[in-house]
Amino acid sequence: MTNRIGHITKINGNMVTVEITTFVVQNEVAYILHGEERLKCEVIRVRGNLAETQVYENTGGLKIGEEVEFSGELLSVDLGPGLLGQIFDGLQNPLPELAKKCGFFLKRGVYLKALPEEAEWEFTPTRKSGDKVRAGDKLGLVQEKIFKHYIMAPFDLQGVFEITGIAGGGKYNLKQSVAQLKDQNAKQREVFLKQTWPVKIPISAYAEKLMPEEPLVTKMRLIDSLFPVARGGTYCIPGPFGAGKTVLQQLTSRHAEVDIVVIAACGERAGEVVETLKTFPEIIDPKTGRPLSDRTVIICNTSSMPVSARESSVYTAVTIAEYYRQMGLNVLLLADSTSRWAQAMREMSGRLEEIPGEEAFPAYLESRIASFYERAGVVRLHDGTFGSVTIGGTVSPAGGNFEESVTQATLKVVGAFHGLSRERSDARRYPSIDPLISWSKYKSFVEERHVKKGHDILKKSHDVMQMMKVIGEEGTSLKDFIDYLKGEFFDFVYLQQNAFDEVDEATAAERQKYIFSFIYRILEAEFDFPDKEKARHFFQQLRQEFRGWNSSPWGTPEFKKIEQDISSLLEENTKKDKVNA
Ligand code: ADP
Ligand code: MG
């Protein structure tokens, strides 16, 4: 690219306006040349001979007139073997290495290679010279941790290409070409183990996108049974500060039945993110017995980094998720919290002096949120295999008010809503997803009439409880009181899950179905209690038994013994002609 230099004419926080004499495009990356420093920024608006850029660094000390070099490239990420297990910032700098280089206080203007370029990978070709390929087609593979990491034809290829050369099996680094392609016009392309992709453009080198239908088992009973998430679907977790959003996402990242988890941590506080980073590598993956970090990529921004960098972290994360989907893997992207991302948009929009929408968020807030979640999906690849990206985002509205813009905009586009309530978290009813406000458009693997009964009893129980607050227990009929106890019982033994109990913290689909149908019989049963005291006592006993049952491993003698005990307890207390109704 020829010398494309502009000059700073205005500095407003992280927005720097540059006078240009050459053609620049939206989302083009530029560097502010400040002494020895090169500060990365991105063009967010072009008006006449002025390019407005958001700087991904602290802009302290910059001066009017300083030079800005335009790169001719869109903000992009590196995609290739070596991503798994890494912790990046929003610009894909590997954070541990950055810290090594800069010490504790991250220096600005230091950018590192996202992937180790010299590292060698054992490449095995899966296609041969003369084969015809399209964008995204698999050409060969390397082994990355426990996955076959496919090396694919560049995602930007137009039309059909012929392989004119492909490397034999052997070791290659990221800078060595492993295949050569040519199109009908003899246009040549080299293929490397690594390719780059602009973060704001979805990777779509697949045959078609399908409706998400298959459940994504998170092993959280409340989610899977009542408010399920589908593979390739979307969901959101709004909740007030401290209600358990982050813990819920961590549990999901550990137990959800997916291949790869990408975490975009846009921290509320630096401490929270540091906590994630410290604990994560130590967590053993229940599925593989290896560190969980082996199948995880973390993109991390804390509130102490410039807000503009938060914006890019969400896009970097989703692009990496799409990359692994192209290999035929199931990927879960967890963004925590999308409110911080929205704040970055608000801040920049303010600087651009755009006409503000509600709560000073830009008018395009909704469409930005929608196009982020739209990048989720199940796709059929050209070779007939399938891959998926599921997106779950937390929202942290001030004061837990779900009427605010980010929550509302998100609710319009996602397939499931897991609303956390302060009431539940204060009562330590974890996960604190409120079953009375949450919903899902996806289908649960639990029988429909069972699910309906569950919802009905929770609603009824809540109504009775509200009524009792007014008229007291004495004024409540025994029948209503039993419904109240049934709802509480269901909540305690099924919806709530003990994250500190090895067995209870994750419940497989098969077990959920079994336990739910067992509970269904209890919720349907008519009981023979002489008074409320007896009823209360019975449900207390039942709860106790279930607690033990929930902690006993599936199918063990202990599990069966408790099941028998519960069955006898039920037998003794149900109206005889109604058992197993
Ligand atoms: P948020 O992200 O919504 O601000 P956190 O996820 O950080 O909230 O949770 C705040 C605190 O609540 C945690 O530090 C923990 O003590 C408690 N907590 C949240 N979820 C659970 C859970 N499932 N089991 C036990 N404690 C929990
Ligand atoms: Mg949190």
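Just so you know, ligand 1 is whichever comes first in the structure, and atom 1 is the first atom listed for that ligand. Model, not experiment: these values are computed from the prediction.
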Closest candidate by heavy atom, reference atom 1 (P) of ligand 1, pool S396, G239, G242: G242
cation_pi(K40, Y56) dist<6.0 Å, angle<=45: no
Metal check, the Mg ion (ligand 2) vs S396 N/O/S, cut-off below 2.8 Å: no
CD-CD distance between E358 and E403, expressed to the nearest 0.5 angstrom: 10.5 Å
Any N/O pair V247/ligand 1 closer than 3.5 Å: yes
Q92 side chain to D78 side chain, donor-acceptor N/O pair below 3.5 angstrom: no
Backbone or side-chain N or O of A499 under 3.5 Å from ligand 1 N or O: no
Closest candidate by heavy atom, reference atom 27 (C) of ligand 1, pool Y430, F241, F500: Y430
Identified side-chain contact (heavy atoms from CB on, under 4.5 Å) partner of P238 from the options I437, N401, T407: T407
N/O separation below 3.5 Å, A243 to ligand 1: yes
Pairing of E488 and R429 as salt bridge, 4.0 angstrom limit: yes
Cation-aromatic face contact R543/F539, 6.0 Å, 45 degrees: no
Which of the ligand 1 atoms, numbered from 1, are nearer than 4.0 Å to a heavy atom of P240: 3 (O)
